[in-house]
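Since the structure is predicted, the reported quantities are computational estimates derived from the model, not experimental observations. Here is how names work: the chains are called A, B, and so on, in the same order as the sequence lines, proteins then strands, and each is numbered from 1. Scope of the values below: all heavy atoms of this structure, side chains included, with no hydrogens, waters or symmetry mates.
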Amino acid sequence: MLIFSNFSEKLKSYKKFSFVFYPIVIIFFIPSLLVFNTVWNLRSFGRDINFLIRHHALGIAETLKPNVLDNIGNLDVLRNTLEKTVNSNSDIFDISILYQENKKINLVISSSLNYETEDFSNLGLNQLSLSFNEPFAGLSYDPKAGMNLWNVSVPLGEVSGKNYIMFLKLKVDKVDQILQRTSKDSYLVLFLLILFALALLINHFIFYQKAQKVRQLEEVDKLKDEFLSMAAHELRTPITALVGYLDLLQKKISPQEAQKIVSDISLLQSLTDDLRNLIEDLLDVSRIEQGRLTYELTEVDVNKVIQDVIATMKSSADAKGLIINYQEENLPVVKTDRNRLRQIITNLLGNSIKYTLEGNIEISARKRDKFIEIAVKDTGIGIPPDEIVKLFSKFHRVQDKKTENVRGTGLGLWITKKIVEALGGRISVESIYGSGSRFSFTIPV
Amino acid sequence: MDKSNEEEKKVNVVSPKNILLVEDDVVLRNMYEQRLRMDGYNVLSSSNGEEGYEIFQNNKIDLLITDIMLPRLSGTELIEKIRKNIKGRNLKIIAWSNLADDEEKSKVLNLGVLEYLIKNEISLDKLSETVKKYIS
């Protein structure tokens, strides 16, 4: 689950980002790439095409110019010339001679009858008049013939106050080749872009599915959390009642009259305590594993906490004839979780009492640098060296003849270690099998 | 010596203290009732806040022990209502709950309760001690 919490953080931010990112990419980026591609192609090839057509048209105009201008009045000669030129050149479809007078363009003659009704006003008259010495004044694309035909107008020169223009309809093979190549390139680019868009979309949906899964896992987490709180509440109430009724039962029976019943009830009471401890421990373990254990940091008087715990556990120590010594020292106030600190000391002191048959238990609390070190030292049965390594693991209980009838969950030290570390400290143990043990832990000041 | 005996007799003649216990869980309520009766108190109990208030109005109560989570009238509302009544302005009250809700706790403490206990952490002995501390 811990791995998922990191992954889900990344996915959460990715989710929000991708939600905005991908639509933007797909909606704006792809078409704009296409537009860019087209514009780029047109610009770079536009100049080439321009040059090729211009060159071709110029060539034709230069060849015919002397003949046309000399015979400008003679329509028959002109017609002959034009027809001959058109028939002998497969790439020329039409030649018309036009003249400009008073800003109006008129037809002199055309090799094709269609031009009599053609509107020549779109030739860019101003450009024509301004750039009379330029070889080229207007260019447009005519798709009527089902092929690329270029309409080109070339100024010829002035004769008797009229500016004459040659208007050609040309087919330029080289240009066709360029265009074909360009359109092939464009299709290729389009295809690649579509693939790219598809890849993005597939990627998006894969992660969307993963995000869904994460959402489901979050749901499960939430349910676990709710279950945990409900379980904690539900389990505690019957335990409280059990403990209470056993207490009442014991009080209703006077010890002189029913000794055996009293000892049975004592046993029931300690079993209930075990049950309660197990439940509390399991809930703690569960919460620690889920990272849900919360800590309330306040200013804590360590001495007071230790003394409280000693007071609570004194009776069980007395019952075994053990003496608890505590030497109070001057300690600074510590910022930590009071209840958890109490829990740690209770666990360590409880263990010492459990595993000590005779002698005493010494508790100490000293300031060391930036920490307070608290130690619980006993004259108990000690821990075998090979057990020390496993001491703080879950459900570990020392296997020893002397500890056969000691009851416990095996979770206490695991929980204690986790809590100590969560509070910013470290726990350690020294023990001599047969002599006793010393557990110590630190809390940052 | 004689004087102290007379005073002792006086104390014995005085009627037992009345405790009003409001707790909706019947099992727990029965349990607390029995223990408090064993300790010598007279216990009047109810399972909800409304009935609890009625009992308070019709009897002389020395101590109120009430749960916070109650049907019909919550513990907090019951205490508020009692405090508004002249009779209940100085009534000794112990409140308890299963949950440690800080917001609710401070609300209740502001109404002047003697203690705010967590049910699951209180043994019957501890309860008995606490009650004895306030009325004896």
Side-chain angles (χ1 to χ4, degrees), chain A residues 225-226 228-255 265-266 268-270 272-273 275-284 287 292-298 308-309 311-316 337-340 342-343 346, chain B residues 16 19 21-43 45 47-48 65-71 74-75 94-106 109 115-133:
Chain A
D225 205 5
E226 288 171 3
L228 206 63
S229 345
M230 189 207 70
H233 184 86
E234 294 300 317
L235 283 169
R236 280 176 167 154
T237 307
I239 296 287
T240 308
L242 253 176
V243 171
Y245 277 99
L246 283 170
D247 186 60
L248 288 175
L249 206 57
Q250 197 168 43
K251 288 213 148 36
K252 288 177 191 174
I253 303 160
S254 66
I265 294 173
S266 293
L268 281 168
Q269 280 174 325
S270 65
T272 312
D273 279 339
L275 197 60
R276 174 197 257 154
N277 288 334
L278 179 60
I279 289 166
E280 293 298 330
D281 281 355
L282 284 173
L283 287 172
D284 269 352
R287 272 189 241 122
R292 276 179 227 290
L293 204 59
T294 53
Y295 297 92
E296 207 184 298
L297 300 177
T298 54
D308 275 350
V309 174
T312 313
M313 311 204 75
K314 193 165 184 300
S315 52
S316 40
D337 185 318
R338 181 182 288 117
N339 286 330
R340 295 296 168 189
R342 182 181 285 127
Q343 189 177 356
T346 305
Chain B
I19 298 180
L21 173 71
V22 186
E23 164 66 56
D24 64 325
D25 185 320
V26 62
V27 169
L28 294 177
R29 187 176 72 242
N30 193 5
M31 187 176 88
Y32 299 129
E33 247 183 271
Q34 285 194 52
R35 178 56 198 261
L36 292 169
R37 287 210 181 109
M38 272 183 189
D39 286 346
Y41 305 104
N42 186 26
V43 180
S45 68
S47 62
N48 67 75
I65 303 176
T66 178
D67 193 2
I68 295 300
M69 309 278 278
L70 293 171
S74 78
I94 293 175
W96 61 17
S97 175
N98 245 335
L99 313 152
D101 183 352
D102 285 325
E103 217 185 285
E104 200 68 31
K105 182 174 176 176
S106 56
L109 286 171
E115 299 254 3
Y116 186 96
L117 308 170
I118 306 296
K119 264 192 268 188
N120 288 317
E121 293 170 8
I122 293 294
S123 66
L124 285 182
D125 284 341
K126 189 100 199 289
L127 173 65
S128 177
E129 260 176 55
T130 312
V131 168
K132 194 170 171 190
K133 191 163 71 170

| said: side chain to side chain contact (heavy atoms under 4.5 Å, CB included), that's the test. Do A:Leu248 and B:Met38 meet it? Break it down for me. | reply: CA-CA 9 Å; A:Leu248 288 175; B:Met38 272 183 189; 4.2 Å; yes
| field | Sequence-distant partners of B:Asp125, side-chain hydrogen bond (donor to acceptor under 3.5 Å, both in side chains), two or more places apart | value | B:Arg35
| remark: Sequence neighbours excluded, the answer for side-chain hydrogen bond (donor to acceptor under 3.5 Å, both in side chains) partners of B:Glu104 is B:Thr76
| field | Over all atoms of both residues, closest heavy-atom pair of A:Tyr245 and B:Gln34 | value | CE2-NE2, 4.0 Å
| note | Honestly, the part of B:Asn30 sitting under 4.5 Å from a heavy atom of chain A is both
